Structures are given as structure tokens and as C-alpha cells.
Amino acid sequence: MSDETAAAPLLVKTAASFRSRDLALRVLIPLLVITALILIWYAYVRLSGVPPYILPGPAAVASAFVTDWGTLAPALWVTTKITLMSLTLALVGGVGFAIFLVQSRWIELAFYPLAVILQVTPIVAISPLILIYAPSTQVALLICAFLVAFFPILSNMVQGLKSVDHNLINLFELYGASRWQTLLFLKLPAAQPYFMTGLRIGGGLALIAAVVAEFAAGSAGAGSGLAFRLLEAQYRLNIPRLFAALLMLSLLGVAIFAVTSFISWLALHRWHESSLKREN
């Protein structure tokens, strides 16, 4: 047996050990930082004697998280549903409209400014009009969240479809590929990294827009989301519940980012430079 053959299992074991250590550090370091921040928060509340209606301690927030779960959990589901539905609509609409725009330079010049106008107009400014014309408050919230998440997906997808190597496009034309074959087998795969970037950005913006739209709508009642529960806790000076609702929103945002990042990794880790593991 040669030295190279004998060293191969050792190299594989070393690489696996390196990956395991790297994953452990990626998880452990953020947990240590969060734990340290919670301990600083707890120590400050205990030593300063600040009243709980101004700044509750971690124990009070955890208690509110448990005792108010029956109130906060349905609101969390409403916010999650609006966020995911608006993100899905933004994905379908953004990708479809991007494909439509890149078909012709004249089409892009005619319609892309409309998307820019929708993006630069503050959603709080147009939400009253949406509330007037939408058939229900939930539909209005969905439209507001969709409008905010739509443009990042559209702009990234347009950039990706326009960034395909022209030599490859010429090669497809040389072999007689149709416009749709070029789109399906060249442009869409090449635009995947841009699409995944838009997906991660759009996921976070959809959640932010769902909360802001609910603030603007002033919706209340059993079918309301976490934004109403935040306002309700503020008006009642129930600050521990307010912190618990904020924690739920933060965890929801982290979960959306984690899922979209994992989807991006699944799609890109085998071939794209942004997801390949490097030693340096």
C-alpha cells in the first residue's frame, strides 16, 4: 500500500473533524454572546432597581411568554401566515415580472419605473388607500406586505437574468435553441444566486411590512397579529408581555432567515462560489 493510499482516510477524517469543529463554533459563539447579554440585562435590572413596568428582567419576560402564550400564539400564527403568503406572492410575481421585463429593452423601459415607484413610496403613506379599496383588513395587510417584498425579488431577478454570459447565449443561438429553451436551461439557472439573495431579503421585509401594515391599519380583535398585541401591551403598561411579543417577532424573523438561507445553501452549495467551502 502506497503512502498516498494510507494517508487518504486520515485526510478524510481530518476534514470531517474540521467541519464538525467549524459547525460547533458557528453555533456556540452566538449562544455565548446571547447568554452574556442576558446576564448583563439581568444584572442591570437587579442592581439598578428599575421597576418592571419600565424594564422587566429576563425572568419576568420568560414568565409572560408562558402565561400569555394563549394570547400571543394565535397572533403569532396570524403574522406568520400573512408573512408567508405575501412572500409567496412576491416570489411568483417578482420572478414572473422579471422574466417579462427582460424579454425586450422597450418593455423594461416602459414597466420597470412603475415597480420603482411602488418601492420608493412609503407603505405607510399608501396603506390608507389600500384599506379603503381592499375587501378586508387581512387582504389589505397581505397587499402591503407583498408590495414591500416584491421589489427586492424583482430587482435581483432582473439583474440575474441580465448577467448571463453572452458567449453562452451565443452558443445557445448557434445550436438553434429557442427563446424558452434559453430561458429554462441557461438564464434561470444562472440567475439562481441573485434569486436566492432576493429571497433572503424579501423574507425579512415581508415580516417587517406585515407588522408595519398592521400598525397602520389599526386592526384589533381575535384575528389580529403580533403588532396589535404589542400596542395592546403598551397601552396597558404590560411591558413583560410587550417584550415577549418582541421576542416572538425576533424568533420568527430568525426562523425565516434560517429557512431561506438553508434553501439558498441547498441550491448553490454544489456549484456556486458563494456557497463553496474554501480553506482560505
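Since we're looking at a predicted model, the values are computed, not measured. Just so it is clear, the values below take in all heavy atoms, side chains as well, and ignore hydrogens, waters and symmetry mates.
Crowding of Phe257 atom CZ: a count of heavy atoms from other residues, nucleotides or ligands under 6.0 Å not exceeding 12. Counting heavy atoms of neighbouring residues, nucleotides and ligands inside a 6.0 Å radius, atom OH of Tyr44 does not exceed 12 of them.
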May I have the step-by-step check of side chain to side chain contact (heavy atoms under 4.5 Å, CB included) for Leu161 and Leu188, ending in yes or no? CA-CA 7 Å; Leu161 292 172; Leu188 287 179; 4.0 Å; yes
Side chain to side chain contact (heavy atoms under 4.5 Å, CB included) for Leu186 and Leu171? Distances and angles first, verdict last. CA-CA 11 Å; Leu186 177 60; Leu171 181 63; over 6 Å; no
Intermediate values then yes/no, side chain to side chain contact (heavy atoms under 4.5 Å, CB included), Tyr112 and Ile107: CA-CA 8 Å; Tyr112 195 74; Ile107 293 176; over 6 Å; no
Assess whether side chain to side chain contact (heavy atoms under 4.5 Å, CB included) is satisfied between Val158 and Phe97, documenting all intermediate values. CA-CA 9 Å; Val158 169; Phe97 197 49; over 6 Å; no
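Val254 and Phe243 sit in two unconnected hydrophobic clusters of ILVMFWY residues. Membership requires side-chain heavy atoms under 4.5 Å apart, directly or through other members. The hydrophobic cluster containing Val120 also contains Phe111, counting ILVMFWY residues as joined when their side-chain heavy atoms lie under 4.5 angstrom apart, directly or transitively. When the side chains of ILVMFWY residues are joined at heavy-atom separations under 4.5 Å, either directly or via intervening members, Ile38 and Val33 end up in two distinct hydrophobic clusters. Hydrophobic cluster membership differs between Val45 and Leu39, with clusters built from Ile, Leu, Val, Met, Phe, Trp and Tyr side chains linked at under 4.5 angstrom. Linking ILVMFWY side-chain heavy atoms closer than 4.5 Å, directly or via other members, places Val116 and Val95 in a single hydrophobic cluster.
Across all their heavy atoms, Pro56 and Ile239 have their closest contact at CD-CG2, 3.5 Å. Asn156 and Pro152 make their closest contact through ND2-O, 2.7 Å (heavy atoms, listed as atom of the first residue, atom of the second, distance). Taking each heavy atom of Ala98 and Leu154 in turn, the nearest pair found is N-CD1, 3.5 Å. Here the shortest heavy-atom pairing between Ala149 and Gly202 reads CB-O, 3.6 Å. The nearest pair of heavy atoms linking Pro240 to Ala60 is CB-O, 3.8 Å. The two residues Cys144 and Ser127 come nearest to each other via the heavy atoms SG-CB, 4.0 Å.
Aromatic ring centres of Phe185 and Phe172: separated by at least 6.0 Å.
Side-chain N or O atoms of Gln159 include none that pairs as donor or acceptor with a backbone N or O of Tyr194 at under 3.5 Å. Between the side chain of Thr88 and the backbone N or O of Leu84, at least one donor-acceptor pair lies under 3.5 Å. At distances below 3.5 Å, at least one donor-acceptor pair connects side-chain atoms of Ser250 with backbone N or O atoms of Leu246.
Qualifying side chain to side chain donor-acceptor pair (under 3.5 Å) partners for Glu108, counting only residues two or more places apart in sequence or in other chains: Lys162. Residues passing the side chain to side chain donor-acceptor pair (under 3.5 Å) test with Arg179, sequence neighbours excluded: Gln103.
Within the 4.5 Å cutoff, side-chain heavy atoms of Ile126 are placed close to those of Leu147. Two residues are said to be in side-chain contact when any heavy atoms from C-beta on lie closer than 4.5 Å; Met196 and Leu199 meet this criterion. You'll find the side chain of Trp41 reaches within 4.5 Å of the side chain of Val61, heavy atoms only. Between Leu226 and Leu252 the shortest side-chain heavy-atom distance does not fall below 4.5 Å. Counting heavy atoms from C-beta outward, Val78 and Leu141 have side chains that stay 4.5 Å or more apart. Contact annotation: the side chain of Val66 never approaches that of Trp69 to less than 4.5 Å [non-hydrogen atoms, C-beta and beyond]. Residues His166 and Ile169 form a side-chain contact, since some pair of their non-hydrogen atoms from C-beta on lies under 4.5 Å apart. Annotation: side chain of Arg241 is in contact with side chain of Glu232 (closest heavy-atom distance under 4.5 Å).
Here the CD1 atom belonging to Ile99 is positioned 10.0 Å from the NZ atom belonging to Lys187, to the nearest 0.5 angstrom. Taken to the nearest 0.5 Å, the OG1 atom of Thr80 stands 4.0 Å off from the CG atom of Leu76. We find the CG-CG distance between Leu109 and Leu101 to be 10.0 Å, quoted to the nearest 0.5 Å. Within the model, atoms CG of Leu230 and OH of Tyr235 stand 11.0 Å from one another, a figure rounded to the nearest 0.5 Å. Within the model, atoms CD of Gln138 and CD of Glu214 stand 7.5 Å from one another, a figure rounded to the nearest 0.5 Å. Taken from CD1 in Ile40 to OG1 in Thr35, the straight-line distance is 11.0 Å, to the nearest 0.5 Å.
Under the side chain to side chain contact (heavy atoms under 4.5 Å, CB included) rule, Val148 has a single partner from Leu118, Ile123, Val212, which is Ile123.
Ring geometry for Phe146 versus Phe150: interplanar angle of 30 to 60°, hence tilted.
When hydrophobic side chains of Ile, Leu, Val, Met, Phe, Trp and Tyr are connected at separations under 4.5 Å, Tyr133 ends up clustered with Leu129, Ile132.
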